[in-house]
Protein chains: 2
Amino acid sequence: MGATVTSRALAILGAFDGEHRSLSLTELARRAGLPLATAHRLVGELQRWGALAREPNGDYVIGRRIWQLGLLAPVQSGLRQAASPFLHDLYGTTLATVHLAVRDGLQVLYVERLAGHVSVPVVSRVGSRLPMHATGVGKVLLAYAPEEVRMEVLQNLTRITAYTVTQPARLLEQLRRVRAEGYSTTGEEMSLGACSVAVPVRSGDTVVAALGMVVPDLRRQLPRLVSALQVAAHGIGRTLTGDPSIQWK
Amino acid sequence: MGATVTSRALAILGAFDGEHRSLSLTELARRAGLPLATAHRLVGELQRWGALAREPNGDYVIGRRIWQLGLLAPVQSGLRQAASPFLHDLYGTTLATVHLAVRDGLQVLYVERLAGHVSVPVVSRVGSRLPMHATGVGKVLLAYAPEEVRMEVLQNLTRITAYTVTQPARLLEQLRRVRAEGYSTTGEEMSLGACSVAVPVRSGDTVVAALGMVVPDLRRQLPRLVSALQVAAHGIGRTLTGDPSIQWK
DNA sequence: TACTCTTCTTCCACTGAGCGGAAGGAGCAT
DNA sequence: ATGCTCCTTCCGCTCAGTGGAAGAAGAGTA
């Protein structure tokens with residue numbers, strides 16, 4: 001066990017996630033896999049610095065300092081800001097839930113989201129991750145990902161709904177079409193009752209993000225949605241070009 | 001020098017700020033006050049975990065993982081979300097730059113901001129900190145802060161513009177009036193050409209945040225602005241009550 | 001009030017993880 | 001070639017971090 005001090009401190013931070021926004025010391029220690037006394041000391045240091053804070057009841061939560069740091073991340077400052085006005089336009093003209101996502105390792109990371117009022121079950125949240133093979137934005141990012149990433153994702157196509165694509169050959173064929181046609185679609189592959197379209201966002205000639213939307217049904221309006229998405233994606237891309245702070249991987 | 005390993009890792013993260021979003025290893029080491037070799041090793045660990053990332057040119061930036069963690073902070077999840085619709089309303093009716101801020105130690109921390117089109121010099125940014133004695137939201141937060149905080153702030157009233165209040169007695173008198181009248185004002189105390197009004201946001205009977213706006217001139221419309229602010233602040237407070245994730249210090 | 005169970009905090013002697021000076025690249029300008 | 005700056009790796013010494021254990025502080029329960 002190569003347990004460096006830093007990795008332990010990070011393990012503590014890593015114990016927090018969307019379902020665990022506040023944790024008692026004991027839970028924290030257990031989730032981080034650390035002895036109680038060790039966790040106690042590290043947590044104290046993290047708190048003193050402002051990385052963690054305590055709620056009135058004594059539980060620990062992520063502190064303001066981490067929040068401030070997060071605002072400095074390129075994901076936040078570059079991509080999001082460039083995209084924000086286009087997402088609003090897109091939402092204005094289509095009234096659908098709009099998503100901006102990047103690839104992070106083998107998953108899709110949602111960077112921005114505008115939620116629509118239409119009652120479509122949407123699972124994503126800003127800052128959350130989902131598998132690549134079952135989402136519109138995921139398929140786009142996968143289509144343009146390095147070969148090795150694509151191969152690794154294909155190894156493990158977990159079924160989520162009855163419509164999730166789990167056969168590597170079929171997914172590969174779909175990805176080929178994404179590259180050929182410039183957009184991807186899904187039909188209830190992540191959650192029943194939700195379909196999606198997505199297009200790549202390019203900075204120069206690299207795909208840096210994917211822009212997508214979720215709607216109850218695609219059939220009727222697909223061409224309209226695709227072109228609206230492409231206009232927005234192109235706009236974002238133009239804003240980004242020249243801003244070197246958006247990196248791919 | 002009590003240099004724990006964790007504090008060194010945190011010093012590295014702390015080297016980033018609004019003016020230094022990307023740093024070379026050498027700069028990072030210097031700003032964190034660490035020997036190069038030490039910084040190198042720590043930075044490597046932080047990067048492996050996702051707390052830092054490298055730009056194409058090799059410089060380090062805050063990583064996605066920190067950004068994700070930041071989204072879990074109570075500042076972000078509770079207060080901001082509760083306030084968001086009210087801030088938009090407020091902006092819609094007044095067209096002024098609107099601010100939501102909390103106290104963090106002896107400073108004001110800006111949690112949310114809607115920038116107006118009016119040409120008023122505004123120094124705040126989301127995630128940035130400013131001194132309490134020279135801003136509208138700061139005076140509100142100071143007025144309702146624990147006695148000891150108030151005393152410590154009074155020790156050190158740095159002059160920023162010619163209009164900054166630097167006499168403890170005068171500021172104390174102003175704070176008394178804030179508590180009596182329920183709002184604070186500033187006139188070019190932080191930057192010339194900018195005035196501000198602010199009101200407290202209460203959850204139950206504790207003041208958890210301050211809501212303010214910046215305008216070129218206050219005279220004419222003060223009562224209208226104050227009442228708009230109070231309506232919004234009240235709305236935010238009502239949304240917050242029952243959400244225990246907003247703590248006061 | 002006394003007992004029990006859980007969670008948090010403090011202590012301290014042992015030891016191996018982290019330290020950092022120094023040497024070795026890598027890149028670039030002159 | 002030479003000098004410069006910045007990045008990466010190495011390795012033996014040592015002191016910071018470790019974690020078991022004991023004590024404190026609550027919160028039920030009887």
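Protein chains get the first letters and strands the later ones, always in sequence-line order, with residue 1 at the start of each. Small disclaimer: the values here were computed from a predicted structure and weren't measured.
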Which of these nucleotides, C:dG20, D:dC7, C:dG18, is closest to any side-chain atom of B:R8?
C:dG20
Just compare D:dG17, C:dG20, C:dC8 and give me whichever is closest to any side-chain atom of A:S24.
C:dC8
What is the distance, to the nearest angstrom, from the CG atom on A:N57 to the C1' atom on D:dA25?
16 Å
Rounded to whole Å, how long is the line connecting atom CD of B:E45 with atom P of D:dT8?
15 Å
Among the nucleotides C:dT9, D:dG20, D:dC7, which one has an atom lying closest to any side-chain atom of A:Y60?
C:dT9
Separation of C:dC8 P from A:L52 CG (nearest whole Å)
14 Å
Interatomic distance where CG belongs to B:L42 and P belongs to D:dC7 [whole Å]:
15 Å
Closest non-hydrogen contact found for A:L71 with B:G127 is CD1-CA, 3.5 Å
Shortest non-hydrogen pair, B:A209 vs B:L141, comes out as C-CD2, 3.7 Å
Of all the choices, C:dG20, C:dC19, D:dG17, which nucleotide is nearest to the side chain of A:R41 once you look at every atom?
D:dG17
Output yes when at least one side-chain N/O atom of A:T38 is less than 4.0 Å from OP1 or OP2 of D:dG19, else no.
yes
Taking the side chain of B:V5 as its heavy atoms from C-beta onward, which of C:dC19, C:dA17, C:dC8 lies nearest to it?
C:dC19
B:L36 atom CG is separated from C:dA23 atom P, nearest whole Å, by 16 Å
Using whole Å, what does the distance between atom C1' of nucleotide D:dT8 and atom CG of B:L25 come to?
9 Å
Send over the distance from B:E27 CD to D:dC7 C1', rounded to a whole Å.
13 Å
One thing to verify: whether A:R150 and A:E147 come together as a salt bridge, which I'm taking to mean a side-chain N less than 4.0 angstrom from a carboxylate O.
yes
Between P of C:dG27 and CG of B:D59, the distance in whole Å
16 Å
Atom CD of B:Q107 and atom OG1 of B:T135: how far apart are they, to the nearest 0.5 Å?
10.5 Å
Above 12 or not: heavy atoms from other molecules or residues under 6.0 Å from CD of A:E152?
no
Which nucleotide wins on minimum distance to the side chain of B:H40, given the candidates C:dT9, D:dG17, D:dT8?
D:dT8
